[in-house]
Amino acid sequence: MYRLARSLRSSRSFSRALSTRASNVLSALGLESQGGVLPGVYTGRGWGGTGNVVASKCPTTGEHLADVTTATPAEFHSVIERSREAFHSFRMLPAPRRGEILRQIREALAAKRDSLGALVSLEMGKILSEGIGEVQEFIDICDYAVGLSRMMNGQVIASERPGHTILEVPNPLGLVAVISAFNFPVAVYGWNLALSFVAGNATLWKPAPSTPLCSIAVTRIVAEVLEKNGVDGGVAALITGGHEVGEALCESEHVTMVSFTGSEHIGAKVGRKVQGRFGKVLLELGGNNASIVMPDADLSLAVPSVFFGAVGTAGQRCTSTRRLYLHREIAPRFLDALKKAYAQIPTGDPLVSSTLLGPLHNQNAVKAYHKAAMHLHEVGAEILVGGKVKHPSGFDQGNFVEATIAIPPSQDLDLWKRELFAPILNVAIFDELDQAIEWNNSVPQGLSSSIWTKDIRNIGKFIGPSGSDCGIVNVNVGNSGAEIGAAFGGNKRTGWGRESGGDSWKQYVRWSACTINSSNEAPLAQGVNFSL
Ligand code: NAD
């Protein structure tokens, strides 16, 4: 139930002056709240929201960046109403015209790419080049969807009946709610919006409550283009807020599809709730990803890739490398090289271009990291590097931890089976590829995997029926990150979702099979005779 939690309302008025560091980033996007509170609800008829206030806090410095208002339950219903109204006109706009508007959105995003990337870095905590890369991903998927706007083809199918033709026709679906996670506060929405938009839907975004500024900045850019084109902004509406807003979206009969990105635990609730009312649901959940390194691997490529996979985004990607399986022959050499890289990780302000390891997103993540590091000690794991909470000088209030490599004593431990959203890499040594594949597949999640080898037989096995059971199966490419061209998503407890490229767009439309009779007879299929 979506209730207004008065106790969560902030009575504080946010008047402290911002640091120059934060102010530079926020003012480049017109987000300085100047002591007030930013409205976090966009309906296509201006900005508002008089519900709970959520705070945006910088993970690097602990600085309070802004307060943002969310919607009251009554406002929630009017946002849904507005988006549905906007959908009714938008669905009639020809798809190539929708593509042209998306092209303009792409241009507007590109013009602000670096400022938006810096905002991602400031608010989420990932390093600047990854923040900019995330916005680039939104730009790329817009390009892809502009092309799609002239290619969302159905099919013409041969009918068994004379003078009959069968068509498979895609039409707009309705209202698509996008509930997104904190770790990709721009790109995940981009993947969804671009496809949903060209497909002719209204999209309503509920971002993570800790990254409201990214969502406001993006929505303002999109809204300006829509308004310039005379398109009702309700087709790209925004409603900031916490779990209560997410729950209300899942419950609403007016929301045709919920595209959810987040943890397994919440994804299970979302899946049950939306399917319980026969809504469509797309789930992109946690990953617990492994890289396998064979004895013939080119270590000069594999070591830096594993280093990025495990340390990049401070281990807070759904595709981060969490498990490393090394063949016995190369394990000592590989670990020596990896330890050397870990010994010199530039840690600190993610907005500084030389930094490679920024903070975790919040204190809960630091606590989870600390607990996991303690657990590794308790079970007798060998900790090769790291294992401690960190306080780089000048960042006493930041959420920093050491990137960690550990060798747990056995494969039977539960720690292998869970996604821990922090830079901890657990390593095991194998003798046969079959053993490594079995370990790769032995966890409940199934997002991303990779093998490092030059042997075509290993490649064939890894990508084939007895190979990796993940949605992403890479060869001589790290398991962290992906391009937008292919469908992105995982299997098993990662939720079986597919977003972005490939055939993903087919989920954002409703399909109709239409049999058209242009003959003078009306025969039944399969030769059934029902005449009097
Ligand atoms: P989370 O599950 O805590 O929250 C995700 C979103 O769900 C937020 O917007 C949150 O407010 C909302 N929410 C919370 N409770 C809800 C409820 N009961 N009903 C509906 N919505 C609710 O996840 P997080 O901590 O923000 O993100 C990290 C997780 O996301 C990790 O597990 C990561 O692997 C996963 N993730 C997956 C992918 C992917 O594509 N597979 C991509 C990015 C992140």
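Position 1 is the first residue of the sequence; numbering continues from there. Read the numbers this way: they start at 1 and go in the same order the structure lists the ligands and their atoms. Just so it is clear, the values below take in all heavy atoms, side chains as well, and ignore hydrogens, waters and symmetry mates.
With T319, V188, V54, L285 as candidates, the residue nearest to atom 37 (C) of ligand 1 on a non-hydrogen basis is L285. For the residues V274, N362, I266, the heavy atom positioned nearest atom 17 (C) of ligand 1 is part of I266. The option with the heavy atom closest to atom 42 (C) of ligand 1, from among S263, A365, C318, P207, is C318.
For T261, heavy-atom contacts with ligand 1 shorter than 4.0 Å involve the backbone as well as the side chain. Here S180 has backbone heavy atoms under 4.0 Å from ligand 1, and that is the only part of it that gets that close. With a 4.0 Å cut-off on non-hydrogen atoms, L249 does not touch ligand 1 at all. Residue contacts with ligand 1, taken as heavy atom pairs separated by less than 4.0 Å, involve E419 solely via side-chain atoms from C-beta onward.
Heavy-atom separations between G490 and ligand 1 are all 4.0 Å or longer.
Relative orientation of the W511 and W505 rings is tilted, given thresholds of 30° and 60° on the angle between their planes. Relative orientation of the W205 and Y189 rings is parallel, given thresholds of 30° and 60° on the angle between their planes.
Of the N or O atoms in V270, none lie within a sub-3.5 Å distance of an N or O in ligand 1. Considering backbone and side-chain atoms together, K206 places an N or O closer than 3.5 Å to an N or O of ligand 1. Between E247 and ligand 1, at least one pair of N/O atoms sits closer than 3.5 Å.
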Query - Residues S83, F87; criterion side-chain contact (heavy atoms from CB on, under 4.5 Å); working and verdict - result: CA-CA 6 Å; S83 290; F87 166 67; over 6 Å; no
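With hydrogens left out, the protein atom closest to atom 12 (C) of ligand 1 is I179 CG2, 3.8 Å, a heavy atom. Distance from atom 7 (O) of ligand 1 to its nearest protein heavy atom, with residue and atom name: F260 CE1, 3.1 Å. Scanning the protein for heavy atoms near atom 26 (O) of ligand 1, the closest one is F182 N, 3.1 Å. Looking only at heavy atoms of the protein, atom 27 (O) of ligand 1 is closest to A181 CB, 3.2 Å.
Tested against L447, the residues N479, T319, L285, N288 include a single side chain to side chain contact (heavy atoms under 4.5 Å, CB included) partner, T319.
The presence of a protein heavy atom under 4.0 Å from atom 32 (O) of ligand 1 is confirmed.
For NE2 of H375, the number of neighbouring non-hydrogen atoms (other residues, nucleotides, ligands) closer than 6.0 Å is greater than 12. A 6.0 Å sphere centred on NZ of K371 holds no more than 12 heavy atoms belonging to other residues, nucleotides or ligands. Residue K280 places its NZ atom among more than 12 non-hydrogen atoms of other residues, nucleotides or ligands, all under 6.0 Å distant.
Across L119 and A217, no two heavy atoms sit closer than the pair CD2-CB, 3.7 Å.
With no hydrogens or angles considered, no side-chain donor-acceptor pair links H361 and N364 at under 3.5 Å.
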Could you tabulate the donor-acceptor pairs under 3.5 Å formed by side-chain atoms of residues 302-311, not counting sequence neighbours?
residue: S305; atom: OG; partner: L301; partner atom: O; Å: 3.2

